[in-house]
Amino acid sequence: MEKRFVYADNAATTPLSEIAFNAMKPWLTEHYGNPSSLYRMGREAKEAINEARKVVGKCLNAAMPVNEKNDYAPGEILFTGGGSQADNLAIRGFMHGPSSKGRKHIITSKIEHHAVLYTCEALEKEGYRVTYLNVDKEGHVDLEQLKNELSEDTALVSVMAANNEIGTIQPLKQISELAHSVGAKFHTDAVQAVGHMHIDVQEMGIDMLSLAGHKFRGPRGTGVLYVKNGIQLEPLVYGGGQERGLVSGTENTAGFIGLAAAMQDACEHLDEKMGYVKKLTDKLVKGIMENIPYSHYTGDPVNRLPGTASFVFEAIEGEGLILRLDNAGVCGSTGSACSTGSLDPSHVLMAIGLPHEIAHGSLRLTLGEQNTEEDVDYVIETVTDVVKTLRSMSPVWEN
Amino acid sequence: MEKRFVYADNAATTPLSEIAFNAMKPWLTEHYGNPSSLYRMGREAKEAINEARKVVGKCLNAAMPVNEKNDYAPGEILFTGGGSQADNLAIRGFMHGPSSKGRKHIITSKIEHHAVLYTCEALEKEGYRVTYLNVDKEGHVDLEQLKNELSEDTALVSVMAANNEIGTIQPLKQISELAHSVGAKFHTDAVQAVGHMHIDVQEMGIDMLSLAGHKFRGPRGTGVLYVKNGIQLEPLVYGGGQERGLVSGTENTAGFIGLAAAMQDACEHLDEKMGYVKKLTDKLVKGIMENIPYSHYTGDPVNRLPGTASFVFEAIEGEGLILRLDNAGVCGSTGSACSTGSLDPSHVLMAIGLPHEIAHGSLRLTLGEQNTEEDVDYVIETVTDVVKTLRSMSPVWEN
Amino acid sequence: MQYSEKVLDHFTHPRNVGEIEDANGVGEVGNAKCGDIMKIYLKVSDDGIIEDVKFKTFGCGAAIATSSMATEMVKGKSLEEALKLTNKAVAEALDGLPPVKMHCSVLAEEALRSAISDYYKRMGKDPAEILGCDADCSACHKAD
Amino acid sequence: MQYSEKVLDHFTHPRNVGEIEDANGVGEVGNAKCGDIMKIYLKVSDDGIIEDVKFKTFGCGAAIATSSMATEMVKGKSLEEALKLTNKAVAEALDGLPPVKMHCSVLAEEALRSAISDYYKRMGKDPAEILGCDADCSACHKAD
Ligand SMILES: Cc1ncc(COP(=O)(O)O)c(C=O)c1O
Ligand SMILES: Cc1ncc(COP(=O)(O)O)c(C=O)c1O
Ligand code: FES
Ligand code: FES
């Protein structure tokens, strides 16, 4: 097969779409007014940002404001500098803010992104109590444990919508109902989910939701925190009062508009796009599992993000795998310890119970709408070859 | 005179330069690799960001790292999502971090940006002690008061390099020496200063410095905190560990590169560009002061930012002034209370001792390299006309 | 903060700006410290019709626009009708005002009442009986 | 983390990969739990020269590259010279390693010492006397 370039790391970041770039361009070059300024060029920027807010709100089915002339309508959508900022604002801002009502307990899961986990750990140092829920082999949080841990002291439950390494989708509605049963609020890190699966914050009972533009072909350095009306947070960034005073700083107009354009495109064509991506991913998984012995699929094979295919291959190590795939033109990622310089493989792979020696051989391939059948054929062949080569060098591999 | 469009609000934000846009474009479209990724496209992005760091470091004369192969060289330059984020990280991160060594006192000034002031107020609520230095009529901080307030409990002195409303430049070196004399560190909000005046962090004894890309024709949503080696901060954003773990989140590669390109352009041609801008500004100030009776110049007429011209006009109100200037094609700003919906005029105008009734008539015009002599002529004429019209409607104006 | 087109129109081209030399009712409210002063001049006919009205305003765009609109709305009306004019009605006639600017419309209502009160006084009548107060709104008004 | 071109070259085209059927010294260090195991095969001549050397490595790019470089560096050398090889020398020969990857070069040094130790044992000599230790580095090595 002829060498080609295949970007199969769409969970890390996605290429900015032409739609998003074109939406951004005039706001980068011509319309440079500061949205806080009184003159027309400033007011137009402010209006454009509020339009972007509405687009985002509509995709999430956020409650729209009654008064269309409202200054920051819809106030439920706060723009941030990325998914991590949204997660930090949601969790730290909520626990430090008045809406936590003095409750001191957070429940989250062992497979959250570090933006959630490390925020929780920092709060533990301040005296908050955090429960990290176990997950099963496929990465679903333990709902029984959640029920047992919930109490009148639980302020917040934060469980991600879909995992970034293995793609497993969590039962959001069930979790929010449990959280609400004790008066706790529910936050979900939907950074991987938005643009890839249906999300309805009202239907699912979501009180706060984080997303990031660059995971659905919008720009880097942009994110959103959806905050249900009535919830009050402590600011993440103090200053000029932008984003209801919670994320101050001159607005990244072009970025916010790019995010909204990409999100609209993703949401309006969700079924069609994700149907296509899922077909590709199914083919990829099938091909790899058939071709490569001693390989294991990780995550939930059914309830998973449409573009995520994740594996472990015995007797090899992931960093080398990625580097050799790169030489062959294929971009992927791994949860191997060696890839990060830490001694442990990814906390997600540990949490789903993989032994260290197997977790080292992990590979995540994440497809997007820009991938083709030919890409998939090429990736299957390339991964098969590279795994074979690395195994032939491995002292643990005995054929 | 023929109607023209004159953007004279460069202190609010500047138009993205072609240099910056062209530097960003490939990183928006083609080179979309996540800098944390192992493959070539990711490594290239990481390298490009580190190059951008070096450019920024060089402009500030930050100490360069010894080991050129160092992973995050130069580690002294941290990219953030804007000037406010840099200010928040500097002040909150420092006071909460180990380098404050248990000292609980901050000294800042009454004319800081809200990103500094509100961060300090939030720290006061946590039990820290904050002194807000007075300023004189022209906006210089009271050095005697600074001397008197400094003690062994003072952890941090934070005084802006140049004010955003009146352009007054502070004696940074003197302030840093005073701060260091009691073992305190010195932070300066140089958001308005960088790209507009010479800054040398080593020469001036600056321990931390905030800047924002969009104030010198770089992109919005980007900033930098310079942190002198050895100073340890608490993170602003927890997560994947980017920016030495202090501002986690997938890097805005294009944004950081755009900031660096704009900064390099600004720094390399600083004298030439700012000489030109200063000439225009001097002409503007002269024209307006000559044309309009009962007008007052605010700020230091000599030691000020080259592009800042700020005034108060008696018997009129600033919001109306801005709106009418806008109708005539001129973009400017005001510190009038009416422009923000608060009851008080800008805290800066109050701090320099202007009475309320006069502060209401404030106007700030800030020129940039893209302005021309004709622009200035037009602005002088327009402001003169508009002030006259508004005064003719004013019950307080008696000719 | 977003002004409607109507507000911008009335601010840019205010109606009835100026003074009336032979006014028989003049009212002024607000003070310079608060950044807004409104002065209204009335020329009331013998049968109690507002024949002419003019204003001068030191204040923001909304203050000027509401002065303009309020004077337009009472011109040619009887004093009784004019007294029914509320700040809300002025704001609505302008297609609404941003929430932070509602207090500027209060100013217009107050200035008008103050001018009418002045007219009654000059006529030798007690304005308190008619207005329900002596329309001494000239103290710095509060934002609502 | 940035690899030098040399590391990438040795990783992509590793020298001396494989096994030696009639090896007279074999060493293995690391363990799978730590994610890195290195096995070195030596063919030592009667006069103590390393005639051939091969390796198998389960580990990251740096582990494979240092295995490759270390075997290159000792091939044709005497055992005495080979014992002088340090992990630092290997890293330098590769134009440096990222700090977090230095421990992988330790593995190469240890695997080689372990293989030489095995050779001495097979020759009936006490390796501890020559190596200063019995080269039992097979316990999971620590990052430094
Ligand atoms: C002096 C000063 N500090 C901080 C800021 C905040 O910068 P940003 O709006 O980019 O967050 C600004 C500008 O808005 C400023 O003028
Ligand atoms: C699940 C999840 N949460 C949060 C983040 C953080 O987003 P960002 O890197 O945009 O800050 C990511 C991606 O990096 C993610 O996958
Ligand atoms: S073998 Fe794990 S880091 Fe090198
Ligand atoms: S007059 Fe000040 S806000 Fe209207």
Side-chain angles (χ1 to χ4, degrees), chain A residues 7 9 12-16 21 24 28-29 32-34 36-42 80-85 87-88 113-115 117-119 121-122 212 214 219-223 234-241 248-255 319 322-323 325-326 331-334 339, chain B residues 7 9 12-16 21 24 28-29 32-34 36-42 80-85 87-88 113-115 117-119 121-122 212 214 219-223 234-241 248-255 319 322-323 325-326 331-334 339:
Chain A
Y7 184 72
D9 200 13
T13 195
T14 54
L16 188 70
F21 181 73
M24 292 168 75
L28 280 172
T29 53
Y32 50 82
N34 185 323
S36 302
S37 299
L38 291 171
Y39 39 79
R40 191 167 303 270
M41 194 166 54
T80 71
S84 304
Q85 298 200 0
D87 283 337
N88 278 250
H113 189 268
H114 285 125
L117 287 180
Y118 291 156
T119 300
E121 285 179 16
H214 69 104
R220 234 84 66 67
T222 65
E234 187 193 76
L236 178 71
V237 185
Y238 293 91
S248 285
T250 304
E251 295 91 338
N252 180 358
T253 313
E319 189 206 85
I322 298 304
L323 292 175
L325 287 177
D326 184 30
C331 298
S333 87
T334 177
S339 69
Chain B
Y7 184 72
D9 200 14
T13 195
T14 54
L16 187 71
F21 181 72
M24 292 169 75
L28 281 172
T29 52
Y32 51 83
N34 185 322
S36 302
S37 298
L38 292 171
Y39 38 80
R40 190 167 304 269
M41 194 166 53
T80 71
S84 304
Q85 298 200 0
D87 283 338
N88 277 251
H113 189 268
H114 285 125
L117 287 180
Y118 291 156
T119 300
E121 285 180 17
H214 69 104
R220 236 83 68 66
T222 65
E234 187 193 76
L236 178 72
V237 185
Y238 292 91
S248 286
T250 304
E251 295 90 339
N252 180 358
T253 313
E319 190 207 82
I322 298 304
L323 293 176
L325 287 177
D326 184 30
C331 298
S333 87
T334 177
S339 69

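Just so it is clear, the model here is predicted, and its values are computed rather than measured. Chain naming here is simple, since letters A, B, ... match the order of the sequence lines and numbering starts at 1 in each.
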Residue part contacting chain A, namely of [X], when any heavy atom lies under 4.5 Å:
X: B:Asn252; value: both
X: B:Ile322; value: side chain
X: B:Thr250; value: both
X: B:Glu251; value: backbone
X: B:Thr119; value: both

* **Over 12 non-hydrogen atoms of neighbours within 6.0 angstrom of OH in B:Tyr118** =>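 Open: at most 12 neighbouring heavy atoms sit under 6.0 Å from OH of B:Tyr118.
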* Considering only heavy atoms, which portion of A:Asn88 lies under 4.5 Å from any heavy atom of chain B: side chain, backbone, both, or neither? ->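 For A:Asn88, the side chain is the part near chain B, not the backbone.
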* Counting heavy-atom pairs under 4.5 Å to chain A, which of B:Gly249, B:Gly332, B:Cys331, B:Ala212 comes out on top? ->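 Sorted descending by pairs with chain A, the first entry is B:Cys331.
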* **Among the listed options B:Glu121, B:Glu234, B:His214, the residue most often paired with chain A at heavy-atom distances under 4.5 Å** =>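 Greatest number of close heavy-atom pairs with chain A: B:His214.
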* To do: Mind ranking A:Leu236, A:Thr222, A:Asp87 by heavy-atom pairs under 4.5 Å with chain B and telling me who comes out on top?
  =>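 Answer, by heavy-atom pair count under 4.5 Å with chain B: A:Leu236.
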* If you count heavy-atom pairs under 4.5 Å between each of A:Gly81, A:Gly82, A:Ala12 and chain B, which one has the most? ->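 Max contact count across the listed options: A:Ala12.
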Looking at side-chain heavy atoms only, is the closest gap between [X] and [Y] below 4.5 Å?
X: B:Pro219; Y: B:Met24; answer: yes
X: A:Leu28; Y: B:Phe21; answer: yes
X: B:Thr13; Y: B:Tyr7; answer: yes

Nearest heavy-atom neighbours spanning [X] and [Y]:
X: B:Leu38; Y: A:Glu319; answer: CD1-CG, 3.7 Å
X: A:Ser84; Y: B:Tyr238; answer: CB-O, 4.2 Å
X: B:Arg40; Y: A:Asp326; answer: N-OD2, 2.7 Å

